[in-house]
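In the text below, chain A, chain B and the rest are named by the order of the sequence lines, each starting its count at 1.
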Number of protein chains: 2
Amino acid sequence: MKPRGRRPGVEDTRERILTTARHLFAERGYERASMRAIAAEAHVDPALITHYFGSKQGLLTEALKLPLDPSVILSVVAQAPPADRGEQLVRVLVDTWEQPMVLRHFLGMLRTGASHEVAREVMQQTLHDSVQAAVAALVDDDPDRRSALVMTQMAGLAFTRYFLQMPDVVAFAPEELARAIGPSVQRYLTEPLG
Amino acid sequence: MKPRGRRPGVEDTRERILTTARHLFAERGYERASMRAIAAEAHVDPALITHYFGSKQGLLTEALKLPLDPSVILSVVAQAPPADRGEQLVRVLVDTWEQPMVLRHFLGMLRTGASHEVAREVMQQTLHDSVQAAVAALVDDDPDRRSALVMTQMAGLAFTRYFLQMPDVVAFAPEELARAIGPSVQRYLTEPLG
DNA sequence: AACTTAATTCATCACTCGTTGAATGACGGA
DNA sequence: TCCGTCATTCAACGAGTGATGAATTAAGTT
């Protein structure tokens, strides 16, 4: 007994809505990215969004899901000799963030998370998952505290460079960042904690 | 020819509006903190806000002005011996941020800046002014690059601890933060840049 | 072809928003 | 006392919001 009638999913409209939603959430934040604006830019009727995602909140939840697999980062960093892992971690993360798709997703989380409880929790969870997992596998003791310290440094780099776009931070080339900040991260990984 | 008629400014209503505006901007962000909501919490008619500040935008601009004098921070840090200045800078900044009024102002800038161009520029300027000035007076060379690196670390600490409220970061006591992060800042101040 | 299901559109509701302009009230100087 | 100035309120407009439910169109299955 196969299902009868028209099969769903053959059209890519749903994906187009999600893409432009991420785009506008990242650009304007949650409230300013109205469903009508998203619908218009996706060349779609506003009601179609409700049809697919139930509500604007549902669209947001769906839009924030993105595979930012921590294990990829982990495997690359783990290959480096222990003394170079701090530098390597910075290098890999910066290279990841420089990709437009990832960057847009990050800005989307930040702009919506600013005024939206759910989005903030997603951001917290995402950051935790991607850093905590990677760091915990590299250190000998105190994984929570060490990964927390790494997070403060890496989150601050992302925040000032990609969100605030502070000129003096943007001026660094990715490789310069790795060499300048890497040793600090290395400290958090290996040095005894006060 | 003295001015005639009733003198302005005798009532503190204007200040009450500003205070609750900062409160709601910090709590909800720009769009969700409606003028009606602000007016209600200040026990005031919505039109009075327009009367005083011209527009919601004007209210925001006024609300974001706050004396966060960098020179105070600078003077305290400069007194410490050069080798302890990184730790001291972290200590002073964390102590400052822990004050409710400062914290509210910081969250206000962040939540509004997420979706509001002007607020983001204010935040960028504020961060630049308070860190760049302090750092430039402490280092021998490359003040822009060194202060940029310090900013990435300190902004990230503020972001993860006060905005995201990541449990592992919140778990640190202020003094622990100073000892754990201080040496990293010290590196940015004194170590040769890659 | 008839039928079933999904994709898409249309018109509309019930709100909330920021802003406006006229009205009222309070206070101080002449 | 009269008048000018500011503080404060009131009612309302126009635009934009998210959401709903019924209608239409398209694509599969039998």
Do [X] and [Y] make a side-chain contact, defined as non-hydrogen atoms from C-beta onward lying under 4.5 Å apart?
X	Y	answer
B/Phe106	B/Met101	no
B/Val102	B/Trp97	yes
A/Arg36	A/Pro46	yes
A/Thr190	A/Val139	no

Measure [atom1]/[X] against [atom2]/[N] and give the value in whole Å, please.
X	N	atom1	atom2	value
A/Arg14	C/dA6	CZ	P	14 Å
A/Arg32	D/dG18	CZ	C1'	17 Å
A/Glu31	C/dG18	CD	P	11 Å
A/Arg16	C/dT8	CZ	C1'	11 Å

Does OP1 or OP2 of [N] have a side-chain N or O of [X] closer than 4.0 Å?
X	N	answer
B/Tyr52	D/dC6	no
B/Ser55	C/dG18	no
B/Ser34	C/dT16	no
A/His51	C/dT8	no

What's the closest nucleotide to the side chain of [X] if the choices are [options]?
X	options	result
B/Met35	C/dG21, C/dT19, C/dT9	C/dT19
A/Thr13	C/dT8, C/dT9, D/dG18	C/dT8
B/Leu48	D/dA7, C/dG18, C/dC10	D/dA7

A/Arg36 (side chain) and D/dG16 (base): donor-acceptor pair under 3.5 Å: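 No, no donor-acceptor pair under 3.5 Å.
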